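Basis for what follows: all heavy atoms, side chains included, without hydrogens, waters or symmetry-related copies. Quick caveat, the model's predicted, so the values are computed rather than measured.
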There are 2 protein chains.
Amino acid sequence: MEKYFEVLCMCPLFRDIAHWELTKALRCLNARVFSFEKGEAVMNESEPAKYVGIVLTGSFQIVRTDFFGNRSMIANLIPGELFGESFACAGVEVVPVSVLASEAAEVMLIDCLKISHSCSNACQFHQQMIDNLLQIVAAKNLVLHQKIEVTSKRTTREKLMAYLMLQAKQFGSLEFEIPYDRQELADYLEVERSGLSAEIGKLRRQGVIEADRNRFKIYKPFDV
Amino acid sequence: MEKYFEVLCMCPLFRDIAHWELTKALRCLNARVFSFEKGEAVMNESEPAKYVGIVLTGSFQIVRTDFFGNRSMIANLIPGELFGESFACAGVEVVPVSVLASEAAEVMLIDCLKISHSCSNACQFHQQMIDNLLQIVAAKNLVLHQKIEVTSKRTTREKLMAYLMLQAKQFGSLEFEIPYDRQELADYLEVERSGLSAEIGKLRRQGVIEADRNRFKIYKPFDV
DNA sequence: TTTTGTATGTTGAAATTTCAACAGAGGGGA
DNA sequence: TCCCCTCTGTTGAAATTTCAACATACAAAA
C-alpha cells in the first residue's frame, strides 16, 4: 500500500490528514486496490452506487451510453482524482454512468459509508474527510457546468473552440494536449466524429488552430 | 422569521436539526431574507460565490448566458431548494450562472463560511449541516447529469421526449406540468424555440403527446 | 369593448449535421 | 517486409436545425 502514498497524499480526499495517520485511515476504511486493463470497467451503468474510487495510476473515463448505444463522454480522470462520490453521497440506487480504464490503470475503492460513519475505533479523520468530500463533490459540479457550457453551443465549430479555449485556460498555454482521441472528443462535444474532423480541418486551413492527434495549438484565440 | 419555519423544516439543509434549535441556528448563521420581483436577479454571473440561497416562496431559475447572449436554462428552483452551494463550497471566485426570480419570490441568504465554521457559541448543528450540504451538493450533481442526458440527444424530438419521460417518471404520472414556457424549455433543451414548437405540433398530430401550454400528457411513452 | 403585448405556432430558405462509405497514415505483430 | 487494424480525414446526399418573419390566441390593461 505504501507505494501509493505519493498519489494519496495529493488526493483531495486526504487533504489535511496527517501523513502518519494515512495507514491507519486506509485500514479503517477497508480501502482496497484493483487493477484494470484498457477498456475494462470499474463501475457499470445501473450498478448500485456504493463505492468511491480514487485513481492511483493510469487514467479512466466517465462515459454514459444511452438506450440506442450513443455514447457521451463526461470526464477524464487522472491519478489522485475521485469518481463515484457524488452518486454514493446522493444515495442513488444505481449509477448513471460507466467508468472505464483508458489504459492499464489502478484504483483504490472505498465503501462510501465508511467515510461518513465513524468507526468503533473512534478515528479522528472522518470529519476531515467529510469536509474534503464536500469540496470534491462541489468541484465535480463545476466540471459538469463546464461540459454544459461547451455543449450548449449550437455548432460543432463553436463547441470545439469553446472546449479548446477552456483547455488552454486551464493549461495556461495556447499549446496543449487533450486526453481524448477524435471519437472521444466527439463524444464529449456531443457531435459526429466525421463532422468534427471536417471542422478541425477547416479551422486548420483557416489558420485558427493547429492540430496533430491530441495535440492542439490555438493561433487566433478570439476568431471563433 | 417564524412564518418561514414550515418551508425551512422541509429544507434539506436543516434536516435532523431540532425544531427548537432552528431559531438559534438562523441567528448564528446571520440568515437574512430578501424579496424579488419577477425577472430580478438574486445572483449574477461573474459575482463572487459567497452565499447559499434557500428559496422560501415563489420560484427561481438558474440560467447561464454566454458571450453572444445565448441563454441556457440549467434548473428551476421551488421552495425549500438551495442554490449557490456548489460554487460557494468549491471556493470559486465567481459564479458561472445567474439566478432569476421567475415570479415574485423570497429567498434566505446565508454566508456559506458560517455554515462550515463553528461559531464562538459552540453551536451543535454545524456538523449536521455539513453532512446535509454534502448530500445536497451530490444531488445537484444528479440534476446536471440529467440535463446532460437530455441534451446529449441529437434531435429536438429526442431531447423533448427524453425530457418529458424524465418528468413523467419524477411526477409519477404520464400527465404533468413543467416549470417552463416554450422559450425556457427550448433554452433547457438547447434548441430553437420555433423548432421546438414545430416538433411539439408534430408529436401532437402523431398522437404521441398532448400539450397545452406547460401541461403535457404522454400517450405512447415508448414511441420516441 | 378596444388596445396592447406576450406566448405559441407556422413556414420556407439557408446553414449545418448526420450518416454511410471509403481512403490514407501509421503502428504493431507475424 | 508485409499484413492487419485503428485512427483520422474526406465526401456527398439526406435529414435536421436555425433563422427571420409573420399569423394567431389569449390575457391584461386602458
| task | Give the rounded distance in Å between these two atoms: CD of B/E192 and P of C/dT8. | result | 14 Å
| task | Using a cut-off of strictly less than 4.0 Å, decide whether B/R204 has a side-chain nitrogen or oxygen near OP1 or OP2 of C/dG9. | result | yes
| task | Name the nucleic acid region contacted by B/T155, choosing base, sugar-phosphate or nothing; use a 4.0 angstrom heavy-atom cut-off, strictly under. | result | sugar-phosphate
| field | Interatomic distance where CD belongs to B/Q183 and P belongs to C/dT6 [whole Å] | value | 14 Å
| query | Heavy atoms under 4.0 Å, any strand shown: does B/S194 hit a base, just sugar-phosphate, or nothing? | reply | base
| query | Quick one: are B/E190 and B/M73 in side-chain contact, heavy atoms under 4.5 Å? | reply | no
| request: Figure out the CG/C1' separation between B/D212 and D/dC26, and round it to whole Å. | output: 11 Å
| query | Taking only side-chain nitrogens and oxygens of A/R154, does any of them come within less than 4.0 Å of OP1 or OP2 of D/dT18? | reply | yes
| Which residues pass the ring pair (Phe, Tyr, Trp, His ring centres under 6.0 Å) test with A/F216, sequence neighbours left out? | none
| task | Would you mind reading off the distance between B/R193 atom CZ and C/dT6 atom P, rounded to a whole angstrom? | result | 14 Å
| request: Let me know, please, whether B/K202 or A/E190 comes out on the 5' side of the other along DNA chain C by nearest nucleotide. | output: B/K202
| For the pair made of OH in A/Y180 and P in D/dT8, what is the distance, rounded to whole Å? | 14 Å
| said: Can you tell me if B/R204 has over 12 outside heavy atoms packed within less than 6.0 Å of its CZ? | reply: yes
| task | Go through the N and O atoms of the side chain of A/R213 and the base of C/dG26, and report whether any donor-acceptor pair is under 3.5 Å. | result | no
| request: In whole angstrom, give the distance that lies between atom CD1 of A/I200 and atom P of C/dT17. | output: 13 Å
| request: Examine D/dT8: is either OP1 or OP2 under 4.0 Å from a nitrogen or oxygen in the side chain of A/S197? Give yes or no. | output: no
| task | Using heavy atoms to find the nearest nucleotide of DNA chain D for A/K38 and B/G195 separately, return the residue whose nucleotide is more 5′. | result | A/K38
| said: Is there a side-chain contact between A/R157 and the phosphate of C/dT16, meaning an N or O under 4.0 Å from OP1 or OP2? | reply: no
Please output the side-chain donor-acceptor pairs of residues 90-106 of chain B that fall under 3.5 Å, not counting sequence neighbours, one pair per line with the distance.
unit_1	atom_1	unit_2	atom_2	d
B/S98	OG	B/E45	N	3.2
B/S98	OG	B/E45	OE1	3.3
B/S102	OG	B/S59	O	3.0
B/S102	OG	B/S59	OG	2.8
B/E103	OE2	B/S59	N	3.4
B/E103	OE2	B/S59	OG	2.7
B/E106	OE1	B/T57	OG1	2.9
B/E106	OE2	B/Y4	OH	2.6

| request: Whole angstrom is fine here: how far is it from CD in B/E199 over to P in C/dT11? | output: 14 Å
| task | Evaluate the side-chain proximity of B/F87 to A/H145: yes if any heavy-atom separation is below 4.5 Å, no if none is. | result | yes
| query | What is the distance from NZ of A/K153 to P of D/dT17, rounded to the nearest Å? | reply | 20 Å
| said: Starting the side chain at C-beta, find the nucleotide from C/dA7, D/dC7, C/dC19 nearest to B/D181. | reply: C/dA7
